[in-house]
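Ligands are counted one by one from 1 in listed order, and the atoms in each one are counted from 1 as well. Nothing here was measured: the structure is a model prediction, and the numbers come from that model.
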Amino acid sequence: TGTTVGIHDLSFATTEFVLPHTALAEYNGTPIGKYHTGIGQRSMSVPAADEDIVTLGAAAAAPIVARHGADGIRTLVFATESSIDQAKAAGVYVHSLLGLPSATRVVELKQACYGATAALQFALGLIHRDPSQKVLVVASDVSKYELDSPGEATQGAAAVAMLVTADPALVRIEDPSGLFTADVMDFWRPNYRDAALVDGQESIGAYLQAVQGTWKDYSEQGGRPLEDFSAFCYHQPFTKMAYKAHRHLLNSAGHDTDEAVVERALGRTTGYNAVIGNSYTASVYLGLAALLDGAEDLDGQTVGFLSYGSGSVAEFFAGTVVPGYREHLRTEAHRAAIERRQPIGYDRYRELHEWGFPTDGGDHPTPAGTTGPFRLAGIGGHKRIYEKR
Ligand code: CAA
């Protein structure tokens, strides 16, 4: 259609608490090098009992609505794999907390960590159809594995909100996309569990297979050559995974893996993920946030996005950074969201990990914890009760 479409604004929120990996390592006897160097993680965001995907999602999206107003937002797509209801979309609560107009369509999307990219692609399609519309994409997740499991060190939580529009101020998203789907059981969460099940090494292999598959399809669809890209935002279940993935992409495309080139392509995308942990659907867009918020001017540069969701579905696509984007960033607010987290020790983390509403179907208030703008006040009559603070 000739219309440019993409990400007009991006804002993220994370949790009240943070657990440094040094505290986990001290508790379980793991050499800290395994966490800091081996998986590339420094700390993990830990939600208060009264924080969840809704409160985080609303906190991420509120500054976007404050800056642009709700005018023109006719669709809100909420992507998550840590859903809080089997029927109702979490986005409906966010719609209400943000006071969006009733003339809005709201839906929740799920395909593990890939969901936010599906949401973004659907948003782009809607905007191509009617460039006067805006779509609010909210990606929000709490990553939870069993205590004392190998996945535990890769937990985290955050939400990214993106306003997707025509003539965007931050990143123009391009066609084509490279696509890949394979039915694998590398990571999943049955309905009766709140912690995910994962086959760690299998999941790394499945991710690498998906990287190769999406790049192959992207090339066959007439995508850009590797040389065009100045940086790559990968899904980062832990930051070192992006390095494994990029080396695999380069090798499978017949390129050498010069470590300086790999570092140049990825190093600017890992800053937020290293201190927040895995935020599942939000992770790849936290990578973009870190890249944009960094010191370097990216005017006109091309960025590759590799979104992977276990199970598995992956997509590779390109975006170009819009000249002048720096005037529209939220770098200060993003750094503040990370710095405002209160450090907790292992015992408090364990308590929060084990906390959950009693499953008796009764009414229960939530213990107070968050100092964020929204909280889950409790459950009453089987309904989750949210409030503005
Ligand atoms: N100093 C430095 N490095 C060390 C070290 C030390 N003392 N000890 C170990 N290491 C290194 C290891 O060599 C290894 O690095 P390489 O992979 O480069 O060889 C790294 O630290 C991790 O060590 P292990 O592989 O032994 O770790 P593990 O098996 O205990 O756990 C994990 C790793 C499997 C990723 C685990 O954290 C896990 O299960 N995580 C959850 C699943 C996951 O994140 N999978 C990623 C792909 S799936 C996906 O992307 C979707 C999603 O979001 C879940």
Test your reading of the structure: does Ile204 have an N or O sitting under 3.5 Å from an N or O of ligand 1? no
Over 60° means perpendicular and under 30° means parallel, so classify the ring planes of Phe229 and Phe232, tilted if in between. tilted
Whether His353 and Tyr349 hold their rings parallel, tilted or perpendicular, with breakpoints at 30° and 60°: perpendicular
Salt bridge check: are Glu387 and Arg375 linked by an N-O gap of less than 4.0 Å? yes
Short list, please: which atoms of ligand 1 are under 4.0 Å from a heavy atom of Ser203? 42 (C), 43 (C), 45 (N), 46 (C), 47 (C), 48 (S)
Is Tyr308 in polar range of ligand 1, meaning some N or O pair under 3.5 Å apart? no
Considering both backbone and side-chain atoms of Tyr145, is one of its nitrogen or oxygen atoms within less than 3.5 Å of a nitrogen or oxygen in ligand 1? no
Heavy atom of protein inside 4.0 Å of atom 12 (C) of ligand 1, strictly below: no
Thr37 N/O under 3.5 Å from ligand 1 N/O: no
Under 3.5 Å between some N or O of ligand 1 and some N or O of Lys244? yes
With side chains defined as the heavy atoms from C-beta onward, is the minimum distance between Met241 and Gln236 less than 4.5 Å? no
Contact check: Asn278 vs ligand 1, nitrogen or oxygen atoms, below 3.5 angstrom: yes
Report the relative orientation of the aromatic rings in Tyr285 and Phe305; use parallel for angles under 30°, tilted for 30 to 60°, perpendicular for over 60°. parallel
Lys34, any N or O under 3.5 Å of ligand 1 N or O: yes
Touching ligand 1 at all, Ala153? Heavy atoms, strictly under 4.0 Å? no
What is the nearest protein non-hydrogen atom to atom 21 (O) of ligand 1, stated with its residue, atom name and distance? Gly38 CA, 3.0 Å
Could you label the plane-to-plane angle of the His235 and Tyr207 rings as parallel, tilted or perpendicular, counting under 30° as parallel and over 60° as perpendicular? parallel
